[in-house]
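Per chain, numbering begins at 1; letters A, B, ... match sequence-line order. Bear in mind that the values here come from a model prediction, so they are computed numbers and not experimental data.
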There are 2 protein chains.
Amino acid sequence: MTAAPDMAETFTRALAIVSRQWKRRLDVQFRHLGLSQARWGVILELSRHEDATQIELARVLGIEGPTLVRLLDGLERMGFVERHPSAEDRRAKKLVLTEAAMRILERMKSIAANSRLEVLEDIPADDLRTATRVLAQIASRLEKMGNDENG
Amino acid sequence: MTAAPDMAETFTRALAIVSRQWKRRLDVQFRHLGLSQARWGVILELSRHEDATQIELARVLGIEGPTLVRLLDGLERMGFVERHPSAEDRRAKKLVLTEAAMRILERMKSIAANSRLEVLEDIPADDLRTATRVLAQIASRLEKMGNDENG
DNA sequence: GCATACTAATTAGCTTCCTATCTTTTTGCA
DNA sequence: TGCAAAAAGATAGGAAGCTAATTAGTATGC
């Protein structure tokens, strides 16, 4: 009956598949450093928000507290991150990158940048801008809806 | 130095966050039926490809065989799916939806459609079309790269 | 000033994704 | 024809996400 494709459904399916496949590819590309896409994200954001607490970092990453706890456990074991007690609030921990992490930060950045480049190179800049704007709009809508808590 | 934002990085971050948050929202919306976003996807595609084998269905869904095995285990336990031996190939199973699944299929479809509607309603149709095209391009590029196996 | 409510981090346990490996069956080719 | 390679499904085990509940500390309100 409907020859017209349901754009919204096509969009959501493509979204799910692309995000899974890309994550998978990044996991492979970070593997030789003993890292993964998720752990790399933690290190990157920590390099931009030195001394953040776990809650703050989780918020930036868009993940929940307990998810970050496990990622940090792994990174701490690998010697890339340390949890220091906070002076102002004894419940909280200040997160810091170690020297070891700093040393390989640039290498990690270039792996991530290369991955983006090779996957996105054929996408026209205008289209990418539009797609990014659409995703940002959806993200803020989902966040608002999540806070309103009626879904 | 670069006042211009790195569009590629912004895109990939938004992609990851949106797909996670949306999945989470759908999981909530399907919960009262005892389902999840992942299980719903299996039922939907199965309704479109009756008698598919597991490998065929996994390919359509963009997931790996073992992931589908567990999803089917759950759906079979719930009485929504049955695995029938294939006449042509004794290794393979033909998947079929049960009457119970058929009965709530329309309800599930409308939950999914409503979810898309409420999240996407403010997005201009043209932008959504562009974003969908971009995602489809990326998906096919990732698939090609995955097959070439060098990355 | 103390009880109550909130907040930071953790733990426990579930789901959904993955890879690697195994078993059974089919296919292909020498 | 028969044997090696490939393919379908399952199993085992790990990673990364989630919620719910626990513990410890901070803030609030009467």
For residues 32-71 of chain A, which residue pairs qualify under ring-ring contact (aromatic ring centres under 6.0 Å, His included), counting only residues two or more places apart or in two chains?
A:Phe30-A:Trp40

B:Ile63-B:Phe80 co-clustered via ILVMFWY side chain contacts under 4.5 Å:
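In one cluster: yes.
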
Are A:Met108 and A:Leu61 linked, directly or through intermediate hydrophobic residues, by side-chain heavy-atom contacts shorter than 4.5 Å (ILVMFWY only)?
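Yes; tracing contacts between hydrophobic side chains, which count when under 4.5 Å, links both residues.
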
I need the full list of salt bridge (charged side-chain N to carboxylate O under 4.0 Å, His left out) pairs touching residues 104-113 of chain B, with sequence neighbours left out, sorted by first then second residue.
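Every salt bridge (charged side-chain N to carboxylate O under 4.0 Å, His left out) pair that includes a residue of residues 104-113 of chain B, provided the two are not neighbours, is B:Glu106-B:Lys109.
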
Whole Å only: how far is the [atom1] atom of [X] from the [atom2] atom of [N]?
X	N	atom1	atom2	result
A:Glu64	D:dA20	CD	P	11 Å
A:Arg70	D:dG14	CZ	P	13 Å
A:Ile55	D:dT26	CD1	P	16 Å
B:Glu56	D:dA8	CD	C1'	11 Å
B:Ile17	D:dA16	CD1	P	17 Å
A:Gln37	D:dG17	CD	P	7 Å
A:Leu35	D:dA15	CG	P	13 Å

Restricting to salt bridge (charged side-chain N to carboxylate O under 4.0 Å, His left out), what partner residues turn up for [X], sequence neighbours left out?
X	value
B:Arg59	none
A:Glu82	none
B:Glu121	A:Arg141
A:Lys23	A:Asp27

More 5' along DNA chain C: A:Gln54 or B:Thr67, using each one's nearest nucleotide?
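Taking each residue's closest nucleotide, the earlier one in sequence belongs to A:Gln54.
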
Base, sugar-phosphate alone, or nothing: which one does B:Leu71 contact when heavy atoms must sit under 4.0 Å apart?
sugar-phosphate

Under the side-chain hydrogen bond (donor to acceptor under 3.5 Å, both in side chains) test, residues paired with A:Asp89 that sit two or more places apart:
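side-chain hydrogen bond (donor to acceptor under 3.5 Å, both in side chains) list for A:Asp89, sorted by chain: A:Arg91.
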
For A:Thr130, what residues pass the side-chain hydrogen bond (donor to acceptor under 3.5 Å, both in side chains) criterion, not counting sequence neighbours?
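A:Thr130: no side-chain hydrogen bond (donor to acceptor under 3.5 Å, both in side chains) contacts found.
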
Would you say D:dA15 has OP1 or OP2 under 4.0 Å from some side-chain N or O of A:Ser36?
no

Taking 5' to 3' order, which nucleotide of DNA chain C is first and which is last to have an atom within less than 4.0 Å of a heavy atom in chain B?
C:dT16 to C:dT26

Numerically ordered, the residues 72-97 of chain B set in heavy-atom contact under 4.0 Å with DNA chain C is B:Asp89, B:Arg90, B:Arg91

Could you identify which residues of residues 38-51 of chain B place a heavy atom less than 4.0 Å from some atom of DNA chain C, listed by residue number, or say none?
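The stretch gives B:Ala38, B:Arg39 as the residues lying under 4.0 Å from the strand, ordered by number.
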
Which pairs of donor and acceptor atoms, one on a side chain in residues 66-75 of chain B, lie under 3.5 Å apart (sequence neighbours left out)?
from    : atom 1 : to      : atom 2 : distance (Å)
B:Asp73 : OD1    : B:Arg83 : NH2    : 2.3

